[in-house]
Amino acid sequence: MMNQPAEKYEDSKLYRIRHSAAHIMAQAVLEMFPDGKVTIGPPIENGFYYDFDLPRNLTPEDLEAIEKRMRQIIAGKFEFVKKVVPADEARQIFKDQPYKLELIDGLEKGGKDEYGNPLAEKPEISIYQQDSFVDLCRGPHVANTRELKPDAIKLMSVAGAYWRGDEHNKMLQRIYGTAWENPQQLKDYLWQIEEARKRDHRKVGKELEIFMFDDEVGPGLPLFPPNGGVMIEQIEKLAKEMEDKAGYLRVVTPNLSKEDLFIHSGHLPYYAESMYPPMELEGVKYYVKPMNCPMHHKIFASKPRSYRDLPIRLAEYGTDYRYEKSGELFGLMRVRSLHMNDAHMYVAEDQFEEEFIGVVDLYLKYFKLFGIEKYVMRLSKHSKEGLGKKYVDNERLWLKTEDMVRSAMQHGNIPFVEAEDEAAFYGPKIDVQVWSVIGREFSLATNQVDFAQPARFDLKFINKQGVEEVPLCIHRAPLSTHERLIGFLIEHYGGNFPVWLSPEQVRVIPITDSQNDYAQGIVKQLREAGVRVSADISAQRMNAKIRAAQMMKVPYMLVIGENEMNAGLVSLRVRDGSQQNNIQLSEFTARAKQKIADRAPEL
RNA sequence: GCCCAUGUAGCUCAGUCGGUAGAGCACACCCUUGGUAAGGGUGUGGUCGUGGGUUCAAUUCCCACCAUGGGCUCCA
């Protein structure tokens, strides 16, 4: 990322600037609300925040006033003075600040830092003071407020945030701000935000008519007009090709089932509140499915299986419904109806490693195709505290399967990081975070081990010794959901899709309406060649037609005027602005077909 | 679900300190027949998110709800 020095962020000057800016902001806020309560205010990526408990809600005007006051404080050239104090003295200093007292207790008892994370050793208690403001803080800070540049700070927004990140706690008011070493860096950062906004999938997706929402259909339930329909079709075609080669078998399963299935799977007690409520017919409850696993398990269980049949890989683009909380919906990234690139592989234990690595290799092939260069694979593990609550209560199997995944990844030479308390309820998983070119992070792929459901569903196969054995199940979704993948691809490509993914691949542009018939003939020929094409016969000038095609990001434009028509040729304009005049249609068709067949990134 | 902000034509937005609204683009028609990112004119188009309340009068003020956005929490 830009502006990230090679040194650790925590040791950088920028970190101290932002941390200090948070204190200066807190001073300004407390001057405005003398009875206000302060909590914590750390530096974060690109800026800082501070959480307050205030007598009234902040307005945008308040933010302006606070920002103005911050500039004055900075101009006051105040020293940041650190002092280490005993806990009791700290309690005296912060006697009117209940949140600080709670933090002091946490520090003194040992064990917890200001974010509630466990600490290796009991920390010293320190305070920092600048001007009139004293804060409980471990630092570090700049030496003097003059090290901050008044023109390099900006308050960005007010937001709600729960005390200590727990939704059962009081909601505080969080002010987000950004601070930089100089005004130019701030300007660059704001420009970067602006550029990211231009690529936002919600904006571009609307402009290019890839997806839409409708109030009467419902929140989180996207509709895909024809342009989105084309993309979905192309992605499914790709997935099918890849999966066919890897030995997957396609299945189709219903969108709803009786309650019994989800009781059996064990999903209901964990996830009832994220499921659409059941409908009851003739005394039987039905749920729309939030995932496909139990259905696939039923297919596996439908007949006796031999070790010779394994691994069995059942794949489906399943349509699932999850009742995400209203505030969690986000464009195409978090929706309530999803089309998942799902598959379950049933494997014997000695096949696990090869199969698991095979899936990861499949991910890497997809990433290469889409030009995804930045990604991180994360081994998501259980937590001891979550056993029996968030996670199936069998620590032995957790540790065993986590080991299996770890060694599979190591043997496959695939770099990964590990994270506690991030697993699925039935087993550990590899989650893949990818970053689009604008730096937004997405959880795309997931590859999960399931040691719980196969036993619950009484899945088994006859092993070499003629004995029944429970298979392991690998859940995998390398292309996530159509919804999330398309959202990602829109931002990743900024709408400039490779030809194979472009909803409209060619637009024929007659210069005057005398060429309209010729244009229609070209459309017909290209269509027969399997190219997605249309002709612009509107009553506009060529320039306007080109502009319209450029704005829809059509990769190829075929401009035809009298010259081309008389010679039986076409002139090609590529989306990047390059041109190739008076060429044979067959020559262009061959180029287009080749790019499509290769799924080539370039035009 | 929680805090805050926003919601005016198909799209992007202006506006009304209470008297039922306007621009550009798009669309239709007319003129123009133009050589690589916007030719000109005319016109169609809005129960100003939904439902209540206050008022002689509400798109404007108040309340509730819905949706979207920025966050928090959550994400099998």
Side-chain angles (χ1 to χ4, degrees), chain A residues 49 51 54 57-60 62-63 156-176 197 200 202-203 206-207 209 212-220 262 265-268 270-275 289-294 320 322-331 333-336 338 340 390-392 422-427 429 431 443 446 448 450 452-453 475 477 484 509-516 538-551 557-564 571-575 577-581:
Chain A
Y49 69 79
D51 287 347
L54 301 174
N57 289 325
L58 293 163
T59 64
D62 292 333
L63 276 201
M156 306 298 282
S157 62
V158 197
Y162 299 105
W163 167 235
R164 298 209 137 155
D166 185 336
E167 65 177 322
H168 304 293
N169 285 343
K170 180 160 190 185
M171 180 155 274
L172 307 167
Q173 294 192 70
R174 172 174 298 179
I175 304 178
Y176 281 99
R197 206 186 56 78
D200 191 300
R202 291 164 297 187
K203 175 174 148 58
K206 190 180 201 176
E207 286 165 358
E209 297 173 20
M212 56 179 273
F213 289 96
D214 184 280
D215 278 1
E216 288 190 20
V217 176
F262 298 113
S265 70
H267 282 99
L268 215 40
Y270 289 93
Y271 296 108
E273 71 179 49
S274 336
M275 289 167 70
K289 62 174 172 180
M291 80 291 292
N292 311 302
C293 335
D320 301 330
R322 297 177 183 181
Y323 196 79
E324 305 284 0
K325 290 195 221 164
S326 59
E328 291 161 356
L329 300 175
F330 174 68
M333 299 309 163
R334 281 294 285 282
V335 289
R336 289 179 174 164
L338 23 119
M340 195 155 41
K390 286 166 79 174
Y391 305 118
V392 171
E422 295 282 355
F425 81 89
Y426 43 65
K429 54 181 179 169
D431 286 311
S443 284
T446 176
Q448 311 174 348
D450 185 344
Q453 286 194 68
H475 305 236
R484 190 172 284 187
I509 297 176
I511 291 177
T512 75
D513 42 18
S514 329
Q515 289 93 45
N516 281 359
S538 64
Q540 294 187 93
R541 295 185 177 222
M542 178 202 58
N543 291 25
K545 290 179 184 180
I546 287 176
R547 180 164 189 272
Q550 287 283 160
M551 298 222 298
M557 286 149 265
L558 294 180
V559 179
I560 51 170
E562 212 175 299
N563 300 339
E564 285 84 353
S571 286
L572 170 66
R573 178 193 163 99
V574 184
R575 185 172 61 202
S578 65
Q579 288 180 45
Q580 220 179 327
N581 290 337

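Just so we're on the same page: letters track the sequence lines, and every chain starts at 1.
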Stepwise, does the side chain to side chain contact (heavy atoms under 4.5 Å, CB included) test hold for A:R484 with A:R334? CA-CA 7 Å; A:R484 190 172 284 187; A:R334 281 294 285 282; 3.4 Å; yes

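- Of the C1' atoms belonging to B:C11 and B:G51, the separation is 27 Å, rounded to the nearest Å.
- The phosphate of B:U12 (OP1 or OP2) has a side-chain N or O of A:K206 nearer than 4.0 angstrom.
- Contact of A:N543 with B:G34 (side chain to base): no donor-acceptor pair of N or O atoms is detected under 3.5 Å.
- Rounded to whole Å, the separation between the P atoms of B:G40 and B:G24 comes to 11 Å.
- For the P atoms, the distance linking B:C13 with B:C17 amounts to 23 Å, nearest Å.
- For the side chain to side chain contact (heavy atoms under 4.5 Å, CB included) test, residues two or more places apart in sequence or in another chain that qualify with A:Q448 are A:A424, A:Y426, A:K429, A:T446, A:H475.
- To the nearest angstrom, P of B:U33 lies 15 Å from CE of A:M542.
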Pairs under 3.5 Å (N/O, protein and nucleotides 71-74 of chain B):
from	atom 1	to	atom 2	distance (Å)
B:G71	O3'	A:Y176	OH	3.1
B:G71	O2'	A:Y176	OH	3.3
B:G71	N2	A:G160	O	3.4
B:C72	O4'	A:G160	O	3.1
B:C72	O2'	A:Y162	N	3.0
B:C72	N4	A:G327	O	3.3
B:U73	O2'	A:E167	OE2	3.1
B:U73	O2	A:E328	OE2	3.2
B:C74	O2	A:E328	OE1	3.0
B:C74	O2	A:E328	OE2	2.8
B:C74	O2	A:R334	NH2	2.7
B:C74	N3	A:R334	NH1	3.2

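- For B:C17, there is no paired base (Watson-Crick or G-U wobble, both distances below 3.5 Å).
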What string of B, S and - do you get for nucleotides 45-50 of chain B, 5' to 3', when a contact is any protein heavy atom under 4.0 Å? ------

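- Between A:M557 and A:Q550, the closest side-chain pair of non-hydrogen atoms falls below 4.5 Å.
- Taking the six-membered ring wherever Trp is involved, the centroid distance between the rings of A:H267 and A:F425 falls below 6.0 Å.
- OP1 or OP2 of B:G70 has at least one side-chain nitrogen or oxygen of A:R202 nearer than 4.0 Å.
- Atom C1' of B:C56 sits at a distance of 37 Å from the matching atom of B:U12, rounded to the whole Å.
- A salt bridge does not link A:E328 with A:R322: every distance from a Lys NZ or Arg NE/NH1/NH2 to an Asp or Glu carboxylate oxygen is 4.0 Å or more.
- Nucleotides B:A38 and B:A57 have their C1' atoms positioned 44 Å apart, rounded to a whole Å.
- The partner of B:A28 is B:U42, by the rule that a Watson-Crick or G-U pair needs both atom distances under 3.5 Å.
- Pairing partner, B:A57: none, since no Watson-Crick or wobble contact has both distances short of 3.5 Å.
- For B:G34, the OP1/OP2 oxygens have no side-chain nitrogen or oxygen of A:T512 closer than 4.0 Å.
- Residue A:N57 places at least one side-chain N or O closer than 4.0 Å to OP1 or OP2 of B:C4.
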